[in-house]
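Only heavy atoms go into these numbers, but all of them, side chains included; no hydrogens, no water, no symmetry mates.
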Amino acid sequence: MQYSKTKIFNLALSHLGSSAPLQNDNENHPQAIILNNFYDLARDTVLAAHEWSFANAYKELSVGFEKSPNPNFLYAFKYPNDCISPRAIIDNYDTKEKKCEPAINSYGEQVILSNSNPCTLRYTKRVENASFYTPEFVNALSYYLAYMSAQSICGSTNKKNSNLQDYQIAIRKAVVVDARKNEINDQDDTDYTDSRY
């Protein structure tokens, strides 16, 4: 099944006890406006909570001209615009995953710090197209969106708290299901991805 922003909005409204579904997410309806105000933040928060298989991305990094602001790292790389959360650096020479750290440079720009150069960043990407989302992710996101918008839509602290509890249960289940999808059974002992599980 393909999911949409409208479907996620309607699930969130259902969690809040609303029986009137929205026809589309851009409706000029008070509930749609409130949900739109919270949606991007809710989506990015749930994306950052786990290394979702559907949002796993790789980007070869180009080194900046500035020295790393952290003396524990040699290089500072430009932070990808679509990066929700950096996960690891892959050294282009030995293909092993290495530690990286996000930081702010002296120009006030986000950078990725690493001791490998050249290298590739493995990261969680900002995925805006809901058709890529898994059912478990959609469930968790809908509860988190309901939690964030509960006070504005229902004026109910109880609804807010209950949706936060439901989100915590949903995200734990979603992480377990997603992690199982990433299990790899192979005979190649040199494969760096084996060390991630």
Undergrad: Between Ala76 and Pro69, which heavy-atom pair has the shortest distance, and what is it?
TA: CB-CD, 4.4 Å

Undergrad: How many angstroms lie between CZ in Phe9 and CG in Asn24, if you round to the nearest 0.5 Å?
TA: 10.0 Å

Undergrad: Out of curiosity, Asn117 CG to Leu61 CG, how far, rounded to the nearest 0.5 Å?
TA: 9.0 Å

Undergrad: Once rounded to the nearest 0.5 Å, what's the spacing between atom CD1 of Ile90 and atom OG1 of Thr95?
TA: 8.0 Å

Undergrad: Between Leu35 and Asp25, is there a side-chain heavy-atom distance shorter than 4.5 Å?
TA: no

Undergrad: So, Ser68 side chain and Phe73 main chain: donor-acceptor pair closer than 3.5 Å or not?
TA: yes

Undergrad: Give, for atom CZ of Arg43 and atom CG of Leu145, the distance between the pair rounded to the nearest 0.5 Å.
TA: 11.0 Å

Undergrad: In Å, rounded to the nearest 0.5 Å, how long is the span from OH of Tyr133 to NZ of Lys5?
TA: 9.5 Å

Undergrad: Is Ile89 reachable from Leu113 through a run of hydrophobic residues whose side-chain heavy atoms are each under 4.5 Å from the next?
TA: no

Undergrad: Between Arg87 and Glu97 (salt bridge meaning N to carboxylate O under 4.0 Å), is one present in this structure?
TA: no

Undergrad: State, to 0.1 Å, how close Lys159 and Ala150 come at their nearest heavy-atom pair, and which atoms those are.
TA: C-CB, 4.2 Å

Undergrad: Would you call the rings of Tyr75 and Phe77 parallel, tilted or perpendicular if under 30° counts as parallel and over 60° as perpendicular?
TA: tilted

Undergrad: Pair His29, Gln23 - check side chain to side chain contact (heavy atoms under 4.5 Å, CB included), show working.
TA: CA-CA 10 Å; His29 185 282; Gln23 296 307 307; over 6 Å; no

Undergrad: Tyr39 vs Ile8, test: side chain to side chain contact (heavy atoms under 4.5 Å, CB included). Steps then yes/no.
TA: CA-CA 9 Å; Tyr39 182 76; Ile8 294 165; 3.8 Å; yes

Undergrad: Given Leu164 and Lys160, is the side chain to side chain contact (heavy atoms under 4.5 Å, CB included) satisfied, shown in steps?
TA: CA-CA 6 Å; Leu164 178 59; Lys160 182 172 184 170; 5.9 Å; no

Undergrad: Nearest heavy-atom pair of Ala12 and Ser142: which atoms, and what distance?
TA: CB-O, 3.6 Å

Undergrad: Locate the shortest heavy-atom distance separating Asn56 from Tyr58; write the atom from each residue and the value.
TA: ND2-OH, 3.6 Å

Undergrad: Should Ile169 and Val138 be counted in the same cluster of Ile, Leu, Val, Met, Phe, Trp and Tyr side chains packed under 4.5 Å apart?
TA: no

Undergrad: Ignoring hydrogens and angles, state whether a donor on the side chain of Ser156 or Asn158 is under 3.5 Å from an acceptor on the partner side chain.
TA: no

Undergrad: Hey, does Pro135 have a side-chain heavy atom less than 4.5 Å from the side chain of Tyr3?
TA: yes

Undergrad: Taking C-beta and beyond as the side chain, do Glu51 and Arg122 meet within less than 4.5 Å on heavy atoms?
TA: yes

Undergrad: Which value, rounded to the nearest 0.5 Å, describes the distance between Ser106 atom OG and Lys67 atom NZ?
TA: 11.5 Å

Undergrad: Asn70 and Asn72: side-chain hydrogen bond (donor to acceptor under 3.5 Å, both in side chains), yes or no, with the steps?
TA: CA-CA 5 Å; Asn70 182 337; Asn72 294 315; 3.3 Å; yes

Undergrad: Go through the steps for Tyr167 and Val46 under the test side chain to side chain contact (heavy atoms under 4.5 Å, CB included), then give the verdict.
TA: CA-CA 10 Å; Tyr167 164 72; Val46 181; 3.9 Å; yes

Undergrad: In the single-linkage hydrophobic clustering (I, L, V, M, F, W, Y; side-chain heavy atoms under 4.5 Å), do Met148 and Ile153 co-cluster?
TA: yes

Undergrad: Looking only at non-hydrogen atoms, find the nearest pair between Gln110 and Ile104 and report the distance.
TA: CG-CD1, 3.6 Å

Undergrad: Phe54 vs Phe137 aromatic rings, parallel, tilted or perpendicular, using cut-offs 30° and 60°?
TA: perpendicular

Undergrad: Are the charged groups of Asp91 and Lys96 less than 4.0 angstrom apart, N to O?
TA: no

Undergrad: Check Asp44, Asp40, Asp82 against Arg126 for a side chain to side chain donor-acceptor pair (under 3.5 Å) and give me the one that passes.
TA: Asp44

Undergrad: More than 12 heavy atoms of other residues, nucleotides or ligands under 6.0 Å from NZ of Lys98: is that the case?
TA: yes

Undergrad: State, to 0.1 Å, how close His50 and Thr124 come at their nearest heavy-atom pair, and which atoms those are.
TA: O-OG1, 3.8 Å

Undergrad: Membership question, hydrophobic clusters at under 4.5 Å side-chain separation (ILVMFWY): are Leu13 and Leu41 in the same one?
TA: yes

Undergrad: Check the side chains of Ser53 and Asp178 for a donor-acceptor pair under 3.5 angstrom, ignoring hydrogens and angles.
TA: yes

Undergrad: What's the verdict on side-chain hydrogen bond (donor to acceptor under 3.5 Å, both in side chains) for Ser116 and Asn92, showing C-alpha distance, side-chain angles and the deciding distance?
TA: CA-CA 8 Å; Ser116 296; Asn92 285 7; over 6 Å; no

Undergrad: Are Tyr79 and Leu74 connected, step by step, through hydrophobic side chains (Ile, Leu, Val, Met, Phe, Trp, Tyr) whose heavy atoms are closer than 4.5 Å?
TA: yes

